[in-house]
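Notes to accompany the following structure.
Proteins get letters first, then strands, A, B, ... in listed order; numbering begins at 1 in each.
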Amino acid sequence: MAMRDQLAEAVHQATVAVAAREGLDLEIRADQVHLERPANREHGDWSTNIAMVSAKKAGTNPRALATLLVAELEAHSPDHVTSVEIAGPGFINFSLDGGWLHDALAELLTTGEENYARPDVGHGEKVMVEFISANPTGPIHVGNGWWGSYGDALARVLARAGYQVTREYYVNDTGGQIRTLGLSLLARRAGEPVPEGGYQGEYLASLAPLYDGPEDVTAAGRWAAEHILEGIKATLESVGIVFDEWYSQASIEESGAVDETIALLAEKGLVFEQDGATWFRATELGDVRDRVLRKSNGDATYLAGDLAYHRNKFLIRGFDRVIDVFGADHHGQVASLMAGVEALGVAPGQLEVKLGQMVSLVDGDEAVKMGKRAGTAIDLDTLVADIGPDATRILSLMSTLDQATTFDLASVREQSSENPVYYVQMASARIGGMARKAGEKSVKRRELSEVDLSLLTHDRELELLRCLEELPEVVADAAIDRLPTKITTWVRRLAGLFHGFYHDCPILADEVDPDLAQARLWLVEATRIGLAIGLGLLGVSAPEAM
RNA sequence: GCCCCUGUAGCUCAGCGGAUAGAGCGUCGCCCUCCGGAGGCGAAAGCGCAGGUUCGAGUCCUGCCAGGGGCACCA
């Protein structure tokens, strides 16, 4: 059992015993016991605030309650606990001997890369993460890459945390924009100027001569969209983003699902006709205005298709939960989507919408404007060619989705050695280098059962162990909070601790005690596993050499 | 005007309601007969403002100020 759980159980037992003996109101479940690792080592290895949060209800004061609990805990403390003390306003601090960390190390090593840090917080819940879903009217830009990294890493984290995950890209391959795309393509093919409001991008110019279909704007548009989508797919694969499904909007419309969805809303009295259009009474469900579902020209609106699509996700395909990742520029559609989905009978909360704030780039002193509207968006392809896929992924996962970020291309490119990705990958490469060196020296790891891990007592070793021991909880927190960024933070911390260990704790040097070297070799292996898991969740490679 | 996000070190960003707020870059000092110095050690430097909730607030709530994004029969 994990140390945290052992301590939580012990604290729980202590509250039960004290409550019974003193007649205090102290009802609390073991999984409600809050335990944390104090930042300051003088406060012990673990700490609980239970006396402070329970004192008022129990009709006593924190320190008095803590005193009772500590007496109980001293009599019945888990293995490795060396002292239980009251500190500050009523914290109960546990100090442990190093054995708990050696146990944790053995646990990690026997569990292995495949199975370590797989906290089951999802309980097999079927969740879809829909992300990117950029219109196939042009190459995807850096913002898409940023939000895409988020969606992909979130999917990886959720999968590791016990969710059954599907990654989906919704392809907007229908409607007016496809006709516009077709119009632009045909104009390009005929050597005519692209009409106003059309797509001016160079990618269409190179695509146009390849089109040998009819002079039909829809046919031409679909053809172009398909080709552009292939490019998008290739770009995404280059940064390790792969989808389970590419779901076609046209297929939704052609299936009649849009009409069915509108009919369903109509049954609930939420649809009306006005000015030749069909409207959704979204204001009934908290939206700021009513919304058009079918335009007066007969086309379904994006919203109508999106509602049919979400009905399909929840009610047809049976996802328990859907997480949509959009750019902040799509904020305006969230309220009506939420209203519509609720009207279709999906419980609020089953649909989560994550909005990625804008990403801006600077190149040295020069600002690089983003956004399709400005027409100066940087293609993701261009960025990846510039700084590489690993740097792209880790940079995009260093800040949270909510934070509008700016980053300097020049600092990543020209001073590439200063790039954070190298700091982390250097740790991985050093481990690889050490393995090669060990091979040269014919040093082999002995069986774990024959190695004395308790020889690991150096501060550098213990700090590294503490970090590795936290990974399962970090994965759980990242999944629950939908914050893959927490993995990035952890990986960087692990890399930093490894560099310190590497600096101060030689293994293959001549004067090192062979038994200690063996224990250290296993600690290195554990670090390798931790890095592999962490970087794997981020979609960043863990190179054995650089 | 309304809605969403953000304001933490000179810059770019982390930070589970906990006890002395972290990292990278930049600045200033150290450490290479040592398994990869793309490293390590140290220094200076910070929570926009004002209230509130709480035993405890960078974190939660309200207001203000500032920045970004959104308010279509476009997607």
Between [M] and [N] - [atom1] atom distance, rounded Å:
N	M	atom1	answer
B:A19	B:C2	P	37 Å
B:G22	B:U6	P	23 Å
B:U62	B:C55	C1'	23 Å
B:G69	B:C13	P	15 Å

Quiz item: Does any nucleotide pair with B:G46 by Watson-Crick or G-U wobble geometry, both distances under 3.5 Å, and what is it?
Solution: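 WC or wobble partner does not exist here.
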Specify the separation, in whole Å, of atom [atom1] of [X] and atom [atom2] of [N].
X	N	atom1	atom2	result
A:Leu395	B:C13	CG	C1'	11 Å
A:His43	B:A21	NE2	P	12 Å
A:Met546	B:G37	CE	P	13 Å
A:Tyr302	B:A75	OH	C1'	7 Å
A:Arg493	B:G22	CZ	C1'	11 Å

Base [N] paired with [X] side chain (donor-acceptor, <3.5 Å):
X	N	answer
A:Asn40	B:U20	yes
A:Thr301	B:A72	no
A:Thr405	B:C13	no

Practice problem: Using the six-membered ring wherever Trp is involved, compare the ring planes of A:Phe407 and A:Trp146 and label them parallel, tilted or perpendicular (cut-offs 30° and 60°). | Solution: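 If you compare the ring of A:Phe407 with that of A:Trp146, the planes turn out parallel.
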Quiz prompt | side-chain hydrogen bond (donor to acceptor under 3.5 Å, both in side chains) assessment of A:Glu130 paired with A:Ser133 | solution = CA-CA 7 Å; A:Glu130 185 213 322; A:Ser133 301; 2.6 Å; yes
Quiz prompt | Of A:Glu544 and A:Ser399, the one whose closest RNA chain B nucleotide lies more 5' | solution =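 In this pair, the answer is A:Ser399.
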Quiz prompt | First of A:His503 and A:Thr400 reached from the 5' end of RNA chain B, by closest nucleotide | solution =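 Its nucleotide being nearer the 5' end, the pick is A:Thr400.
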Exercise. Please name the pair of heavy atoms, one in A:Arg291 and one in A:Gly332, separated by the smallest distance, quoted to 0.1 Å.
Key: NH2-O, 4.2 Å
Quiz prompt | Near-strand residues of residues 169-179 of chain A, defined as heavy-atom separation under 4.0 angstrom from RNA chain B | solution =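 Hits under 4.0 Å, by residue number: A:Asn172, A:Gln177.
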Quiz prompt | Any A:Tyr422 side-chain nitrogen or oxygen under 4.0 Å from OP1 or OP2 of B:G37 | solution = no
Exercise. Might you work through the side-chain hydrogen bond (donor to acceptor under 3.5 Å, both in side chains) test for A:Asp402 and A:Gln357, ending with a clear yes or no?
Key: CA-CA 6 Å; A:Asp402 287 341; A:Gln357 297 300 316; 5.3 Å; no
Quiz item: Salt bridge or not for A:Arg520 and A:Glu525, using N-O below 4.0 Å?
Solution: no
Quiz prompt | Closest to the A:Ser47 side chain, choosing from B:G70, B:A19, B:G37 | solution =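 So the side chain of A:Ser47 is nearest to B:A19.
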Quiz item: Hey, is A:Tyr502 doing a stacking thing with B:G39, by the 5.5 Å centroid and 30° angle criteria?
Solution: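 A:Tyr502 vs B:G39: stacking no.
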Quiz item: So which pairs with a foot in residues 51-67 of chain A pass side-chain hydrogen bond (donor to acceptor under 3.5 Å, both in side chains), sequence neighbours left out?
Solution: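 Listed by first then second residue: nothing to list.
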Exercise. For A:Asp259, enumerate each residue passing the side-chain contact (heavy atoms from CB on, under 4.5 Å) test, keeping only those at least two apart in sequence or located in another chain.
Key: A:Arg294
Are there any protein N/O atoms within less than 3.5 Å of an N/O atom in nucleotides 54-63 of chain B, and if so, which ones and at what distance?
unit_1 : atom_1 : unit_2  : atom_2 : d
B:C55  : OP1    : A:Lys56 : NZ     : 2.5

Identify all pairs in which a protein N or O lies below 3.5 Å from an N or O of nucleotides 1-8 of chain B, and state each distance.
unit_1 : atom_1 : unit_2   : atom_2 : d
B:C3   : O2'    : A:His331 : NE2    : 3.4
B:C3   : O2     : A:His331 : NE2    : 3.1
B:C4   : O4'    : A:His331 : NE2    : 3.3
B:C5   : O4'    : A:Gln357 : NE2    : 3.4
B:C5   : O2'    : A:Asp402 : O      : 2.3
B:U6   : O2'    : A:Gln403 : OE1    : 3.4

Are any protein N/O atoms closer than 3.5 Å to N/O atoms in nucleotides 41-49 of chain B? If there are, list each pair with its distance.
unit_1 : atom_1 : unit_2   : atom_2 : d
B:C41  : OP1    : A:Arg460 : NH1    : 3.1
B:C41  : OP1    : A:Arg460 : NH2    : 3.4

Quiz item: Quick one: do the A:Tyr309 and A:Glu168 side chains pair a donor with an acceptor below 3.5 Å?
Solution: yes
